[in-house]
Enquirer: 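Shown below is the structure under consideration.
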Amino acid sequence: MESYNFSEIEKKWQKKWEESGCFHAVNGSEKPKFYALIEFPYPSGQGLHVGHPRSYTALDIVARKRRMQGYNVLYPIGWDAFGLPTENFAIKNKIHPKIVTKNNIANFTRQLKMLGFSFDWSREVNTTDPEYYKWTQWIFLQLFKKGLAYKTEMPINWCTGCKVGLSNEEVVNGVCERCGSEVVQRRKSQWMLRITDYAERLIQDLDEVDYIERVKTQQKNWIGRSEGAEVKFTLTSGDDMVVYTTRCDTLFGATYVVMAPEHKLVEKLLPTLENPDEVRDYITLAGKKSEFERTELAKEKTGVQLKGVYAVNPANGNKLPVFISDYVLVTYGTGAIMAVPAHDDRDWAFAKKFDLPIIEVVSGGEDVQKEPYTDVYKGNMINSDFLNGLSVKEAIPTMISWLEERGLGKRKVNYKLRDWLFSRQRYWGEPIPLVYCEKCGWVPIPEEELPLELPEIEEFEPGENGESPLAKAYDWINTTCPHCGAPAKRETDTMPQWAGSSWYFLRYMDPHNPNEIASKEALEYWSPVDWYNGGMEHTTLHLLYSRFWHKFLYDIGIVPTKEPYMKRTSHGMILGENGEKMSKSRNNVVNPDEVVHDFGADAVRTFEMFIGAFDQSTPWSQDGLKGCFKFLERVWNLQDMMTDEENYSSDLESNVHKTIKKVSEDYERMKFNTGIAALMSLVNDFYKKGAVTKGEFLTLITLLNPVAPHMTEELWEKYGKGGFLSLAPWPDYDEAKTIDSEVEIVIQINGKIKDKMMIPADLDKAGIEKLIGESEAVAKLVDGKSIVKTIVVPGKLVNIVVK
RNA sequence: GCGGCUGUGGCGGAAUUGGCAGACGCGCCAGACUUAGGAUCUGGUGUCUACGACGUGGGGGUUCAAGUCCCUUCAGCCGCACCA
């Protein structure tokens, strides 16, 4: 027997799989479908990270197993290739981003193929391919036509390094998520998508899908639904000021009101105030601060009273002072609040600083002059007129009804979610397919003109004034209005990277269709994605955005399901050997090329699955990888002790059936580490015995195939039943044979283990008790003490409680 | 501050419904085979004051029985962060 030459074997089978097209999914098949999806990678210049194969191998195992179980499996791959790193690299090195992307994709392709994933490469998509982004643009046009895309001037987060507007999500601790430069506020006209219209459905429909709980929680937290009420306060100036509150039960405890500095009413009131200059100064100051600074300085509350005006508390007619303060956000609720310092931390801090009254209206706390009492739904109402004595839970609806009857307020649901900033002043993104005409306004380009391709330009740098690089492509910009024919200009902003990844899973279903996103039949057959695995870092934004687009496509009759993904799981990170996150600066990066070269793809795949619990972060270990390589070698070397016997041997039969069951279940539950451990145990059993039957060996390599496909294909070719092992049937097990006839039970005295005993597995409680009663060993253990009681757990243990 | 996750041998980690803590792997120790071994095979390996006792971050509780359930506390990681 020749030794295990993994590099030769792996090349051989990768070639055979590719040439045969055995992993291609079939449209219009009679078989049941299974659609497994991994997050398509961003082809960065650094090449594959060892984290990528963790996710890809996991779903590869599930996909391969399902294929062997007779499913028509779609396991596709593609490239999320627009985006800033490529563009920045292009600018720095004066290479066209198109070329950079092409090179990076070539490298990623090589690396992915080297790892032997059963991707259907014939369906590869690339978000930067005009034939792909044609449909990204098409979806945008439908959003525009339905009024879900709109342009508005608004303060944006401006990255001083990338010179690009960022969404809130892309600003981390006041700096750009990508380049780390300072982010400042700027006003700019931007395209927005009305994701907020879908907020409620994005929460509600989570009930219909099988996402791991923490993903659902994160989606819900991000959308941030809150139930409360809008309450109208009339000002002494005669104006109405509406506040939003979730605690309208505390209305009697309101001792002042606050508006955001940007609130429209402030501007209006300014001329009538006693202190307009002071107020104006404060507004200017607040406007200069970035959102980060405003939140960063949260400890110290600031604000200015609008002198000369008061707000009338609708509950009791009290006149309350009116403030502006930047602790109130203009973007949430109504941009104005009623302050109840006794029962809100922020209001309390503000009241203390400005020496405002603090009135307790909910009992149950300590002295509210010393600290606010903020527990929700606890305590009873006091100092609150008709609410007195009610619990908080009762008081809220009572107050809302009272307000509604008098036209002073109404029930209101608010969301933290804001509309999606969809414009980027960048070159390397999908052009927004709209034209601005002086007469007609924003006009969509005719669908038959899609794709609107990116113009070829020389300079990709964004302008200092924040203009898109496309603004310099004069020939491209200047066009005619599709509506009236007058001279018009194209939109020069491009779409964010999220755009192409919001619908790519649909394109895989029918990737070469020139007429539609995908054919109706393909969408009907493949939708929804059965199982989507990806990183926790994408569980808020990418998932939310793509669910939003999918719901929109559902609404306009394109896709057949409300939700795109039936099941979502997440993998943990692979850390450096020192337990820290892998990074160049920490010098702990593991290069997939090197480890595959040294130990082979099968060993790397096996190790990445064996390394630890799939959803948990775990450090890399070169020794652990070696151990998995050794395991594969032990499987390979079993050839030497293999007999011709086709059946399982009688002494190991039960073991084999148990292993089939365990491995089948563990792969489905993503407990790959314990599944592989079971295979290792079985191999150890063969070694202990010094023999393995051919039947046992073939079952072993079939179970191992999804994890280590190359080596097992090679062994199947030598000993198996012909064809690809990857397409051979998954082994069955006989439930009856997984059950032992005799089991070992534990004898405990007062909960301490004293002895063990083999008994027939089907013995019931009474039978066991009888057996124990007759046992001399047990009698010795009890030794004259009186038995208080005996607990019998069939098949597990007997606990004798003695005195 | 809010939300979520995690604490188990020297290390990575196992342990359906409370029922033998430490599966499997690494590392380490010993033996076999070897000219040799950073190869391979076999055996051992939680701790201790060791025929017994103690052990799942700490403290308390429920139970015949707790890594698992309850209360409390500490530490670390991740996400959000003035959202009224």
Side-chain angles (χ1 to χ4, degrees), chain A residues 3 169 172-173 213-215 217-218 220-222 224-226 228 243-248 250 258 260 291 294-299 301 325-329 331-340 343-347 349-350 374 414-418 536-537 539-540 572-573 575 577 579 581 606-607 610-613 615-628 630-631 633-634 637 665 669 671 673-681 683-684 687-688 690 744-753 755-756 788-802:
Chain A
S3 66
E169 293 84 59
V172 177
N173 293 331
E213 211 44 49
R214 54 183 172 144
V215 172
T217 311
Q218 270 196 29
K220 283 180 195 163
N221 287 350
W222 192 265
R225 183 182 199 274
S226 85
V243 305
Y244 175 70
T245 177
T246 54
R247 292 295 303 275
C248 64
T250 62
V258 192
E291 191 135 334
R294 277 173 71 156
T295 56
E296 190 55 6
L297 301 167
K299 308 134 217 163
K301 295 274 181 289
S325 170
D326 62 9
Y327 87 88
V328 174
L329 308 175
T331 46
Y332 184 75
T334 58
I337 63 155
M338 66 180 208
V340 186
H343 305 291
D344 181 278
D345 292 315
R346 298 150 299 180
D347 297 346
F350 191 89
T374 59
N414 265 324
Y415 304 91
K416 290 183 196 171
L417 185 70
R418 298 179 201 172
M536 277 310 280
E537 67 275 20
T539 49
T540 35
M573 261 189 303
L575 307 169
E577 205 137 11
K581 199 169 163 178
T606 307
F607 175 61
F610 186 66
I611 191 168
D615 58 354
Q616 228 98 64
S617 295
T618 323
W620 181 266
S621 155
Q622 201 71 9
D623 282 335
L625 171 59
K626 252 187 249 174
C628 287
K630 211 168 99 178
F631 162 63
E633 262 193 327
R634 273 163 75 81
N637 292 337
E665 288 173 356
R669 295 185 305 159
K671 308 210 84 176
N673 52 340
T674 52
I676 292 167
L679 291 172
M680 287 172 169
S681 282
V683 170
N684 289 345
Y687 269 83
K688 264 173 218 151
E744 189 181 58
I745 62 160
V746 172
I747 315 286
Q748 295 182 338
I749 305 291
N750 289 347
K752 303 240 188 254
I753 294 148
D755 202 359
K756 292 176 184 184
V788 179
K789 67 171 158 178
T790 306
I791 290 117
V792 177
V793 183
K796 290 266 162 75
L797 58 70
V798 175
N799 188 12
I800 303 166
V801 186
V802 300

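Numbers restart at 1 for each chain; the letters A, B, ... are given by sequence-line order, proteins then strands. On a predicted model such as this, the values are computed, not experimentally measured, just so you know.
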Enquirer: Name the pairs: protein N/O against N/O of nucleotides 46-55 of chain B, kept only if under 3.5 Å.
Expert:
none

Enquirer: Among the candidates B:rG25, B:rU6, B:rG4, find the nucleotide nearest to the side-chain atoms of A:Thr217.
Expert: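 So the nucleotide nearest the side chain must be B:rG4.
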Enquirer: Give none if B:rC48 has no partner; otherwise give the nucleotide forming a Watson-Crick or G-U wobble pair with it, both distances under 3.5 Å.
Expert: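 By the stated definition (distances under 3.5 Å), B:rG52 pairs with B:rC48.
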Enquirer: Which whole number of Å gives the distance between the C1' atom of B:rG19 and that of B:rU6?
Expert: 25 Å
Enquirer: Taking a pair as Watson-Crick or G-U wobble with both distances under 3.5 Å, which nucleotide is matched to B:rC80?
Expert: B:rG1
Enquirer: Does the structure show a Watson-Crick or G-U wobble partner for B:rU42, both distances under 3.5 Å? Name it, or say none.
Expert: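 Matched B:rU42 with B:rA30 under the 3.5 Å cut-off.
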Enquirer: B:rC41 phosphate, OP1 or OP2: any side-chain N/O from A:Arg634 under 4.0 angstrom?
Expert: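 Looking at the OP1 and OP2 atoms of B:rC41, one of them is under 4.0 Å from a side-chain N or O of A:Arg634.
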Enquirer: If each of A:Gly612 and A:Asp344 is mapped to the nucleotide of RNA chain B with the nearest heavy atom, which maps nearer the 5' terminus, i.e. the 5' end?
Expert: A:Gly612
Enquirer: Regarding B:rC26, can its base be found pairing with the side chain of A:Asp623 as donor and acceptor, where the two atoms are less than 3.5 Å apart?
Expert: no
Enquirer: Taking only N and O in the side chain of A:Asn673, is any of them less than 4.0 Å away from OP1 or OP2 of B:rA14?
Expert: yes
Enquirer: Given that both distances must come in under 3.5 Å, which nucleotide forms a Watson-Crick or G-U wobble pair with B:rG18?
Expert: none
Enquirer: Across the strands shown, which category fits A:Asn799 at heavy-atom distances under 4.0 angstrom: base, sugar-phosphate, nothing?
Expert: base
Enquirer: What contact category does A:Ala678 fall into here, base, sugar-phosphate, or nothing, at under 4.0 angstrom with non-hydrogen atoms?
Expert: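 A:Ala678: no heavy atom of the nucleic acid under 4.0 Å.
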Enquirer: Can you tell me the base-pairing partner of B:rA75? Count Watson-Crick or G-U wobble geometry only, both distances below 3.5 Å, and say none if there is no partner.
Expert: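 Check on B:rA75: paired to B:rU6, both distances under 3.5 Å.
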Enquirer: If we call it a pair only when both distances are under 3.5 Å in a Watson-Crick or G-U wobble match, what pairs with B:rG12?
Expert: B:rC24
Enquirer: In terms of the nearest nucleotide of RNA chain B, which residue is placed more toward the 5' end: A:Glu633 or A:Ser681?
Expert: A:Ser681
Enquirer: Looking only at atom P, what distance separates B:rG12 and B:rG60, rounded to whole Å?
Expert: 27 Å
